[in-house]
Amino acid sequence: EVQLQASGGGLVQAGGSLRLSCTTSGFTFERYAIGWFRQAPGKEREGVACISIGKRSTYYGDSVKGRFTISSDDAKSTVYLQMNKVEPEDTAVYYCAAAWGPCTDSQWYESDDYDYWGQGTQVTVSS
């Protein structure tokens, strides 16, 4: 059974940091891409970052580039999202998802291309 478990959300002040974790099981980790998405109330789901586990390539949304870093620990089948210099606009429910194959520049942010999803974790940034 494929499982993705997102954790690490919480309340943080603007300018602070938070690290989200996506723990996975039930599939060949190194053959997939793992993406982070977020959805704020009243807004569409937005692609935040993606990492190709085997190729180590990464992509970021423009709104988080330079502040967030995606990484993976293959031994733990876990992907992390390090969030630095957070802003109130980062407040959302964050989801991780898995897609077969690598992230691609033209598709990594398309949620329909992901096969498996975890439950979300709430991130709230206070001003």
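All residue numbers refer to positions in the sequence shown, counting from 1.
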Exercise. Do Val64 and Met83 come within less than 4.5 Å of each other through their side chains, counting heavy atoms only?
Worked result: no
Exercise. Do Leu4 and Trp117 have side-chain heavy atoms sitting under 4.5 Å apart?
Worked result: no
Exercise. Tell me, do Arg38 and Lys43 make a side-chain contact under 4.5 Å, heavy atoms counted?
Worked result: no
Exercise. Distance from Ser17 atom OG to Arg67 atom CZ, nearest 0.5 Å?
Worked result: 10.5 Å
Exercise. Heavy-atom distance under 4.5 Å between the side chains of Cys103 and Thr58, does that happen here?
Worked result: no
Exercise. Rounded to the nearest 0.5 Å, how far apart are CZ of Phe37 and CD of Glu44?
Worked result: 12.5 Å
Problem set entry | Within-4.5 Å side-chain heavy-atom neighbours: Asp115 and Phe27 | no
Exercise. Are side-chain N/O atoms of Ser63 and Glu46 paired as donor and acceptor at under 3.5 Å?
Worked result: yes
Exercise. Within 45° of the axis and under 6.0 Å from the centre of the six-membered ring of Tyr80, does NZ or CZ of Arg19 qualify?
Worked result: yes
Exercise. Given side chains that start at C-beta, do those of Thr24 and Val79 come closer than 4.5 Å, heavy atoms only?
Worked result: no
Exercise. Between OH of Tyr114 and CH2 of Trp100, what distance do you get to the nearest 0.5 Å?
Worked result: 15.5 Å
Seminar exercise, completed: Distance col, row Leu20:CG vs Ile70:CD1, nearest 0.5 angstrom, shows 10.0 Å
Exercise. Atom CD1 in Ile34, atom OG in Ser72: separation rounded to 0.5 Å?
Worked result: 9.0 Å
Exercise. For Asp73 and Thr78, does a side-chain donor sit closer than 3.5 Å to a side-chain acceptor?
Worked result: no
Seminar exercise, completed: So SG of Cys22 and OH of Tyr94: to nearest 0.5 Å the spacing works out to 14.5 Å
Exercise. So do Gln82 and Ser71 actually touch side chain to side chain, heavy atoms under 4.5 Å?
Worked result: no
Exercise. Is atom CD of Gln13 surrounded by more than 12 heavy atoms (other residues, nucleotides or ligands) closer than 6.0 Å?
Worked result: no
Exercise. Can you check whether Val12 reaches Thr124 side chain to side chain, under 4.5 Å on heavy atoms?
Worked result: no
Problem set entry | Modelled atom types, side-chain donor and acceptor of Ser57 and Ser52, under 3.5 Å | yes
For this session: Assess the pair Trp36 and Tyr95: is the distance between their ring centroids shorter than 6.0 Å?
Result: no
